[in-house]
Amino acid sequence: MPRPPDPAAIAELKAAVGAGGWLESPADIAPYVEDFRKLYRGATPLVLLPRSLAEAATILAVCNRRAIAVVPQGGNTGYCGAATPDESGTQVVVAMQRMKRVREVDPENYSMIVEAGCTLRAAQDAAQAAGRLFPLSLGSEGTAQIGGNLATNAGGTAVLRYGMMRDLTLGLEVVLADGRVLPALQKLRKDNTGYDLKSLFIGSEGTLGLITAAALKLFPLPTDTATALVGVESPRQALALLLRLRDAFADQITSFELMPRLAVELTVRHIDGVANPLSEDDPWFVLVEIAAADGAGRASAQLTDALAAAAAEGGVRSALIASSLAQSDAIWKLRESVPAAQRLHGASLKHDLSVPISAVPRLIELGTALVERIAPDGQTIAYGHVGDGNLHFNVSQRAGADRDAFLARQPALEEAMFDLALRLGGSFSAEHGIGKLKAAEFARRADPVELGLMHDLKRVFDPKGILNPGKVLA
Ligand code: 2HG
Ligand code: ZN
């Protein structure tokens, strides 16, 4: 069982990182003990900010020897509380922001090596400066860090074309619970030497090791991108459009994001500088992006043709194809501001669900009916990465509804939503992870064989149970 650090342990940990490498005053540690959604507020005696692999390794060696629990933290933008210490005041936080170097960009091998504390945007920028694309893309990319993206196997808005963080990872450098280093930073496309250990750390939310750096895959930089906002009648029509566009563009479609009219209305109302360029009457909107690297400059014309053909057959109500970077940025801002607009609008209940893509319309129909029955004081705002079968099936409090009464619907609604997703062959955690928020649910719902193996792995990687206790595995 992890123990609270005594003064000697605190002194040893401070010495491991040196001056400027730790925080302990309540004001300094405040941002590290609360999660982004303010679901959890914990406590910690010490936030450690290692600057190097050696410092990170020493921290874990000390914590393991002394049985002190460690909570790894990146940009603290996660949705499930995985990076927040518990309330006991015994867990130290290891925040990776000072390990933020881009160690290498290798355009010939289409790879880069980046430290865990590098923000996603800084990694994208470094790739771009070398004429390459690092494609992971999320609303929080200016703050989210590569280490957190790896620890949560982040998804975002370009998964349809490029996959999730796991798919974008070639190698990892990880400090194990006892301070040993797994130096698996290879940038090979092919390496069949035994078990794929690195994959275990991706999505493990800091429970199996502390990721300090990664070798990531790069791609050709698109020379030609076209973005459109399309008004459609229904999720079924959106799905038909996706299939049609995939026929026309194969894997050049990078994003296919669905939003209901209410999401657009709330965003226009609450976020400065956002407007809906389409008709107020469109019930659903799709953001489509296609990207080509052939230098032919035809993306916009081809997307226009494809949407016109769909419209001629009644498959599209209205469409705006961005004719400038500013217009494409405005369309993206509309989509990426939906979570902030929902936050400003009032309380919300969130369900990060995925189903086979073909079941998305059914999920929306049946899920909306559940909301009407279980939380009539809420309004469904189901939006997101429909090209990946991933909906953020969120519910916002109706104007004038009692906040506490609305929030009290959460357990019953969540149970019904998760059951529905599973019945449709889906998952109750698509891209936001388990963390603390869904750990009990995971323990209850996971297959016993699968869960047993996960506990066995946890014992092998972290025999003293110091790494992020209470997260993922309850
Ligand atoms: C997104 O796709 C994020 O915008 C956040 O994953 C989703 O706030 C949400 O529910
Ligand atoms: Zn999302």
Side-chain angles (χ1 to χ4, degrees), residues 35-39 74-83 120-121 135-144 148-149 151-166 203 205 229 238 254-260 262-264 266-267 270-271 274 285-289 331-355 357 360 363-364 367 371 375 378-397 407 410 413-414 417-418 421 426-435 437-438:
D35 69 306
F36 174 76
R37 289 176 64 192
K38 301 195 188 307
L39 298 175
N76 202 13
T77 57
Y79 266 33
C80 297
L120 173 53
R121 179 158 307 141
L136 193 79
S137 182
L138 343 151
S140 59
E141 63 200 19
T143 314
N149 295 153
T152 58
N153 187 26
T157 53
V159 173
L160 181 58
R161 162 73 179 85
Y162 297 103
M164 295 178 72
M165 196 58 173
R166 186 188 308 284
E205 303 184 41
L229 187 66
T254 48
S255 301
F256 193 91
E257 299 280 317
L258 182 70
M259 292 174 283
L262 184 56
V264 173
L266 292 189
T267 308
H270 293 292
I271 308 290
V274 171
F285 297 85
V286 174
L287 182 162
V288 187
E289 189 157 284
I331 294 174
W332 271 110
K333 183 166 179 187
L334 174 66
R335 160 62 185 93
E336 288 191 329
S337 302
V338 176
Q342 248 204 310
R343 237 182 350 263
L344 291 167
H345 190 63
S348 57
L349 305 174
K350 287 180 183 283
H351 311 88
D352 170 35
L353 308 177
S354 74
V355 290
I357 298 172
V360 164
L363 177 64
I364 294 178
V371 173
Q379 291 171 291
T380 297
I381 304 187
Y383 68 94
H385 322 292
V386 162
D388 317 322
N390 175 193
L391 277 180
H392 299 303
F393 210 113
N394 296 348
V395 183
S396 267
Q397 173 189 358
L407 288 174
Q410 193 252 342
L413 184 61
E414 185 174 282
M417 283 292 180
F418 290 180
S427 166
F428 67 94
S429 177
E431 63 167 3
H432 292 162
I434 299 290
L437 186 67
K438 293 183 178 173

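Throughout, residue positions are numbered sequentially from 1 according to the sequence presented. When a ligand or atom number is given, it counts from 1 through the structure's own listing order. Remember, predicted model here, so these are calculated numbers, not experimental data.
A perpendicular orientation is assigned to the rings of His345 and His270, their planes being inclined by more than 60° (bins at 30° and 60°). Aromatic ring orientation, His351 versus Phe418: perpendicular (interplanar angle above 60°, classes split at 30° and 60°).
Of all atoms in ligand 1, listed by their number and element, those nearer than 4.0 Å to a heavy atom of His392 are 1 (C), 2 (O), 3 (C), 6 (O), 7 (C), 10 (O). Near His385, meaning under 4.0 Å from one of its heavy atoms, ligand 1 places the atoms 2 (O). Short contacts between ligand 1 and Tyr383, defined as distances under 4.0 Å to a heavy atom of the residue, involve ligand atoms 7 (C), 8 (O), 9 (C), 10 (O). For ligand 1, the atoms lying closer than 4.0 Å to a non-hydrogen atom of Asn394 are 9 (C), 10 (O).
Proximity of a side-chain donor or acceptor of Asn394 to a complementary backbone N or O of Thr380 within less than 3.5 Å is not detected. In this structure, the side chain of Glu141 does not engage the main chain of Leu120 through any donor-acceptor pair within 3.5 Å. Not a single donor-acceptor pair under 3.5 Å links the side chain of Asn390 to the backbone N or O of Ser354.
In this structure, of Arg343, Glu336, Arg335, the residue bringing a heavy atom nearest to atom 2 (O) of ligand 1 is Arg335. Among Arg37, Gln342, Lys350, the residue whose heavy atom lies nearest to atom 8 (O) of ligand 1 is Lys350.
At least one heavy atom of Glu431 sits under 4.0 Å from some atom of ligand 1.
Nearest protein neighbour of atom 5 (C) of ligand 1, counting heavy atoms only, is Tyr79 OH, 3.5 Å. Scanning all protein heavy atoms for the shortest distance to atom 6 (O) of ligand 1 gives His432 NE2, 2.8 Å.
Contact annotation: the side chain of Tyr79 approaches that of Arg37 to within less than 4.5 Å [non-hydrogen atoms, C-beta and beyond].
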**OP:** Kindly indicate, with the supporting measurements, whether the criterion side chain to side chain contact (heavy atoms under 4.5 Å, CB included) is fulfilled by Arg335 and Tyr383.
**Re:** CA-CA 9 Å; Arg335 160 62 185 93; Tyr383 68 94; 3.5 Å; yes
Subject >> Candidate pair Glu431 and Asp352, rule side chain to side chain contact (heavy atoms under 4.5 Å, CB included), full reasoning >> reply: CA-CA 7 Å; Glu431 63 167 3; Asp352 170 35; 3.7 Å; yes
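Nearest N, O or S atom of His392 to the Zn ion (ligand 2): atom NE2.
The OE2 atom of Glu431 and the NE2 atom of His385 subtend an angle of 90° at the Zn ion (ligand 2), given to the nearest 10 degrees.
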